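Both backbone and side-chain heavy atoms feed into the values below; hydrogens, waters and symmetry mates do not. By convention in this document, chain letters (A, B, ...) are assigned in the order of the sequence lines, proteins followed by strands, and residues within each chain are numbered from 1. Keep in mind the model is a prediction, meaning the values are calculated, not measured.
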Amino acid sequence: MSTSTDPSVVDRTKTLDCLWSFQNANGYISDGFLKQCAADLDISQIELEGIVSFYHFFHRQMTGEFVIYLNNSIVSECKGFLRVKKAFERETGNIFGKPDRCGQFALFETACIGLSDQEPAALINFHPFTNLNTLKVKRIISELKKGTPVESICDEVPDHIRFKPKGDKCILLKEYNLGLAIWKLQNMGRDGVIEVLKKSQLKGMGGAYFPTGMKWEFCKKQPATPKYIVCNADEGEPGTFKDRVLMNKLPGLMFEGMISSGYAVGAEEGIVYLRAEYIWLLGKLEDTIADFHKRGLLGKDVAGIKGFDFDIRIQLGAGAYVCGEETALLNSMEGKRGEPRAKVFFPTEKGFLNQPTVVNNVETFCAAARIIELGADHYLKTGTPQSPGTKLLSISGDCPKPGVYEVEWGTKVRDVLEMCGAEDAYYIQVSGPSGECISAKEFDRKIAMDDLKCGGSFMIFNSNRDILKILENFTAFFKHESCGICTPCRAGNFIIQRKLEKVSNGLAYSSDYEEIKQWGNIMGMTSRCGLGKMATRALLMALDKFPEFFATKVDQDGEGLNKKFDMVKALKPYEQFGD
Amino acid sequence: MSKKITIKIDGKALKVEAGRNLVTVAEENGIFIPSLCYYEHIDPPLGTCRVCTCNINGKARPACTAKTEEGMDIELDTKTLLDVRSAIVEMMFSEGNHFCPACEKSGDCDLQHMAYEMGISYTRFPHLFKDRMIDFSPKRMVIEHNRCVKCHRCVEEIHTDDGAKVFSFCNRGNETIVSIDIEQEAKLSEEQAVNAMHICPTGAILVRGKSIARPFGDRQFDMESVKKPENAKAVKKAKSKKAPKRDKKVIATTSLAGCFGCHMSMLDVDLGLLDLIEVVDFHKSPITDIKKFTKKCDIGLIEGGCCNTENIEVLRAFRKNCKILVSVGECAIWGGVPAMRNTIPLAECLEEAYLDSMTTEPEENVVPYHEDLPKILDKVYPCHEIVKIDHHIPGCPPSPNHIWKAVSSLLWGDEFSVLYSEFKYD
Ligand SMILES: Cc1cc2nc3c(=O)[nH]c(=O)nc-3n(C[C@H](O)[C@H](O)[C@H](O)COP(=O)(O)O)c2cc1C
Ligand code: SF4
Ligand code: SF4
Ligand code: SF4
Ligand code: FES
């Protein structure tokens, strides 16, 4: 935070907003603006440069009239990413990652944009374009060249809700009537809200599974004010899109959860940290907020509760997976680089602007609202005793019916596969690249807190897919998305990538697998945040679970003491000087 | 003064004050916890480098972000933790481009020092050789990006009198660099600038005309380990305790992409050489000028890495003909000074040397390429990437004592310990 008391100094938390508004108008962050903006914020230019360069949607060079971000996640790769990429290059005459001299089309790759059920997908000026293929790309580019506005040709994004449990078992996606949770708050009282959540055993749905009731209680007990409620809508884990669907279909439910949380802990402000990939949802969210205001569900004396003033605003991110990590997210909201904090305090002690803060996932807030609406007993009747409730799965990859499935905790993997029609599932990545992979031997496992945890992403790969390609995609993702502040993750992901290249080039021995395991464990043990800790998890698990696949990629050690060496590659740059 | 509490480090109970930094408290009690980014004045601690990782109450955590609490149970020197901490330091070496012999900070460098204390003789990780620049744009300072370990100290600590940051991280992930604000830098007093240079644990921040280079022996980390003697394990331990029996052994040596400095160092045992000749025969070696292997040798000492096809051929012949193969010196171990070219495409290097160089005669500008000449590899490779290497002796060059202690231990199982002052990278 700027310590300046000068009224002309812009509030530091507005940093990302300022950068966005300039870039939206000008296509990039110019030197002049950087200088001006740094002065306005009363920080040194280099500090602002550091912030701008952290987020991959901010550009310091001229981009173009149309900025195209093509998703390079593994699901996209499986569905034809490379062909689509070539098509974009052919049709626009530009190269990915290189500035366009004519300033018309700028092409970039980007990590998962939350459309895994309709890949390959891209954002053009942040409008979604889905199910791309060569022909469609050709059509899009020619329309754009003709001057057709992007918003008139972008795709309507379907929710693809494919399954809900029957009757009372359906929790999250059941019919929604606005306000049912909020109007119950006053009678329940602040402690009552926390009690019902604790009783329901609701755990965080963002991937860390921390008990929500306890989190709210910690925050409530903090004497410091003001307090903040933050909704983590960064949904960056590749393969996840359930938060997108919730926000598109039930934005009110999410706000009700936030308002309930604010009531329980004694906060006055709620902030939704929305990933920039979902800018196209912004309008709907803002309209819903306006509607809540009109109905007296936001603002002064919310829902008639005297003295409970609560407002919600939306903070846009700017492209950085790591900002989904809660302390990185807080830094980002404060207008800083999105580096996770050293874990000295919990956000409930010192969070946003060092004040007590609740950070929960979109689905967690939605579930909390439902629990308040329906009561803990109702909730406890679904799922299993150890793992009550339901969970939204974002299913993608090799299955005929990708989309969102609300399943009861305790559902078997096999049943999920049947529902989505996946016939030849061979490798499943549960909870995204930082989650676990399972092989066909484990299809009887249950998706449950006490068995196979799932944060939402559920990517299915059939037996034609190359596991190494999947893992290389994950490693590239982590390498690109590492914030770079701690050694094991910053250097480790790069090193692991080199190692996988070696395997993929046929230069590895089985001892290289041993090294991968050791190195991966070192990263897991020493990294500062979950990104580095989990970055090699899938890889290490795959090595254990798919030994037959990996055996085909290497030789045993001890086949002579001369190591394999790619002489042709090593000599290539020199050979050009021969005749 | 705050309350006294009891904590345990590797089973040893210590009475200490509550709420104090674990690294500092350990140090006060004569226990060395490696640390790099930790800097006493910065609060909260940075916790970026992870070199201080230990198990606190059963959980792996950095020691520098922990405060002493009653009953805290710390595992510090388990086999796994020693290995893990060493791995982090090795990662820093393989991530940056650390040419210690050419570094102003050498001998006073915290990174180097940690590696000395841990007895790191080579990095298990491949060196990444990322092309990094040296930023000469500030008038007073030079930022050597090859050496920065991203500890964040300068970012947190160096401010102008107006409170503006002078340094900031830029970019992300493995592209992260620490950048300097030229305008703010100019506002620093000379004293503040020099302070920035000193606060940096490595040689990444330099102030022009304020050299920190000092002669060998006078530098901060030259002579003594910070560990107590009873804790300072010999860097290498001998395998057998038998009284040495000196049957005659055969040695081969070669210099690949090296400068012969390691060979000079081998000869530098002075009169020791006369004793040595009694017990060893030199076979293929520049010392004997024997060109071809005609018998199996007990040990092969390799100087230099592989920069061309001939190096690879020779190295493979050594592997075939020597029972034990030792990389002697930084060049053999990871490429060393010749590997300075590894961050630059080969074509650019050759063009600079043969085509665009100021001394190239007109009409003579041609890159040598002939069937009689060895072909140049895209980069300089460490020996262990080409053949299996059994041991590594660090140094540029390694000290003569270190070389011969190690070699005689390998040949005859002599008990030996390398003194802290003999273990160097420069
Ligand atoms: C690298 C990383 C990325 C994360 N991304 C997200 C995310 O996109 N959305 C999310 O809700 N939680 C994410 N999390 C988890 C959050 O740190 C945090 O645990 C969560 O927001 C807490 O909410 P919950 O208890 O409701 O799950 C991420 C964690 C890490 C380590
Ligand atoms: S683990 Fe990776 S993402 Fe997390 S703090 Fe460290 S460098 Fe940043
Ligand atoms: S002395 Fe330190 S900073 Fe300099 S090259 Fe060696 S390790 Fe790097
Ligand atoms: S320049 Fe020095 S002080 Fe700054 S981050 Fe790099 S190593 Fe640390
Ligand atoms: S010294 Fe503890 S993390 Fe760097």
Side-chain angles (χ1 to χ4, degrees), chain A residues 3 42-51 53-56 320 322 337-339 341-345 478-495 498-499 515 518-519 521-522 525-528 561-563 565 567 569-579, chain B residues 44-51 53 60 62 65 83-84 87-88 91-92 94-95 124-126 128 130 149-150 152 160 163-176 179-181 183-184 309 312 316 319-320 345-347 350 367-369 375-379 381 385-388:
Chain A
T3 48
D42 194 25
I43 58 177
S44 63
Q45 268 186 65
I46 204 70
E47 192 175 356
L48 188 58
E49 184 86 73
I51 294 160
S53 61
F54 187 85
Y55 299 94
H56 59 246
V322 69
R337 290 167 58 82
E339 288 152 347
R341 299 176 178 173
K343 304 283 168 318
V344 182
F345 301 102
F478 288 120
K479 176 183 158 208
H480 188 254
E481 297 298 331
S482 158
C483 84
I485 205 162
C486 75
T487 316
C489 168
R490 181 186 63 240
N493 283 307
F494 199 166
I495 290 169
R498 286 277 172 96
K499 204 71 168 176
E515 284 185 341
Q518 285 163 12
W519 301 357
N521 281 327
I522 291 169
M525 191 170 160
T526 56
S527 290
R528 178 189 275 197
L561 296 165
N562 288 345
K563 300 197 172 178
F565 182 72
M567 191 70 98
K569 180 169 162 267
L571 287 178
K572 207 168 156 210
Y574 182 64
E575 292 295 2
Q576 63 175 296
F577 294 99
D579 21 49
Chain B
L46 301 168
T48 56
C49 75
R50 320 308 274 186
V51 167
T53 301
T65 57
D83 180 63
V84 163
I88 301 288
M91 267 186 203
M92 293 183 178
S94 62
E95 186 194 22
R124 69 191 79 176
F125 309 109
L128 299 172
K130 212 172 145 54
V149 293
K150 285 92 188 170
H152 224 232
T160 62
K165 278 192 195 302
V166 180
F167 295 90
S168 171
F169 275 11
C170 280
N171 308 329
R172 186 172 82 194
N174 122 300
E175 303 286 331
T176 306
S179 296
I180 186 166
D181 193 305
E183 207 176 296
Q184 304 299 337
T309 47
I312 290 189
R316 286 185 168 156
R319 181 69 269 181
K320 220 167 126 200
L346 177 69
L350 293 175
V367 174
Y369 185 101
K375 291 181 177 176
I376 302 175
L377 306 178
D378 57 344
K379 53 182 187 143
Y381 290 84
E385 283 188 23
I386 308 294
V387 301
K388 180 168 174 277

Donor-acceptor contact present, side-chain A/S482 to main-chain B/G173, <3.5 Å: no
Heavy-atom distance under 4.5 Å to chain B: side chain of A/A342, backbone, both or neither? side chain
Identify whether the distance between the nearest side-chain nitrogen and carboxylate oxygen of A/E481 and B/R172 falls below 4.0 Å. yes
I want to check something: taking the side chain as every heavy atom from C-beta on, are A/K479 and B/N174 in contact at a cut-off of under 4.5 Å? yes
Bottom line for B/E385: the part with an atom under 4.5 Å from chain A's heavy atoms is backbone
At a 4.5 Å cut-off on heavy atoms, which part of B/S94 comes close to chain A: side chain, backbone, both, or neither? side chain
Residue pair A/K343 / B/T65, side-chain heavy-atom distance below 4.5 Å: no
Contact between A/F577 and B/L350 at the side-chain level, heavy atoms closer than 4.5 Å - yes or no? yes
Under 4.5 Å from any heavy atom of chain B - which part of A/Q576: side chain
Minimal heavy-atom distance between A/S44 and B/Q184, with the atoms involved, is CB-CG, 3.7 Å
What part of B/Y381 lies closer than 4.5 angstrom to a heavy atom of chain A: side chain, backbone, both or neither? side chain
Test your reading of the model: is there a side-chain donor-acceptor pair from A/T487 to the backbone of B/C49, 3.5 Å cut-off? yes
Should B/E95 and A/R490 count as an ion pair when the cut-off is N to O under 4.0 Å? yes
If I compare all heavy atoms of B/H152 with all of A/E339, which pair ends up nearest, and what's the gap? NE2-OE1, 4.3 Å
Give a yes or no answer on whether the side chain of A/R528 reaches the backbone of B/G47 with a donor-acceptor pair at less than 3.5 Å. yes
Please walk me through it: do B/K130 and A/F494 pass side chain to side chain contact (heavy atoms under 4.5 Å, CB included)? CA-CA 11 Å; B/K130 212 172 145 54; A/F494 199 166; 3.8 Å; yes
Looking only at non-hydrogen atoms, find the nearest pair between A/L571 and B/I376 and report the distance. CD2-O, 3.5 Å
Derivation of the side chain to side chain contact (heavy atoms under 4.5 Å, CB included) call for A/F565 and B/I312: CA-CA 10 Å; A/F565 182 72; B/I312 290 189; 3.4 Å; yes
Between A/T526 and B/R50, which heavy-atom pair has the shortest distance, and what is it? O-NE, 2.7 Å
If you look at every heavy atom in B/N171 and A/S53, which pair is closest and at what distance? N-OG, 2.7 Å
So which atom in B/K375 and which in A/E575 form the shortest heavy-atom distance, rounded to 0.1 Å? NZ-OE2, 2.9 Å
Evaluate the side-chain proximity of A/Y574 to B/L377: yes if any heavy-atom separation is below 4.5 Å, no if none is. no
With side chains defined as the heavy atoms from C-beta onward, is the minimum distance between B/F125 and A/E515 less than 4.5 Å? no
Looking at A/P573, A/C489, A/P488, which one has more heavy-atom pairs under 4.5 Å with chain B than the rest? A/P488
What distance separates A/I46 CD1 from B/K165 NZ, expressed to the nearest 0.5 Å? 12.5 Å
What part of B/A87 gets closer than 4.5 Å to chain A, counting heavy atoms only: side chain, backbone, both or neither? side chain
Measure distances from A/Y55 to the heavy atoms of chain B and classify the residue's part below 4.5 Å as side chain, backbone, both or neither. backbone
Between B/I386 and A/N562, is there a side-chain heavy-atom distance shorter than 4.5 Å? no
Got a donor-acceptor contact below 3.5 angstrom from the A/R337 side chain to the B/F169 backbone? yes
Decide side chain to side chain contact (heavy atoms under 4.5 Å, CB included) for B/L128 and A/I495; before the verdict, give the C-alpha distance in whole Å, the side-chain angles of both, and the deciding distance to 0.1 Å. CA-CA 7 Å; B/L128 299 172; A/I495 290 169; 4.1 Å; yes
Using a 4.5 angstrom heavy-atom cutoff, name the option from B/V166, B/D83, B/V51, B/L46 with the most pairs to chain A. B/L46
Which bit of B/S179 is near chain A, if near means a heavy-atom gap under 4.5 Å: side chain, backbone, both or neither? both
Criterion side chain to side chain contact (heavy atoms under 4.5 Å, CB included) on B/R124 and A/I522, from CA distance to verdict: CA-CA 13 Å; B/R124 69 191 79 176; A/I522 291 169; 3.8 Å; yes
Heavy-atom distance under 4.5 Å to chain A: side chain of B/S168, backbone, both or neither? both
Please determine, among A/C483, A/G338, A/S527, A/A320, the option with the most heavy-atom pairs under 4.5 Å with chain B. A/C483
Could you tell me which portion of A/R498 (side chain, backbone, both or neither) has an atom closer than 4.5 angstrom to a non-hydrogen atom of chain B? side chain
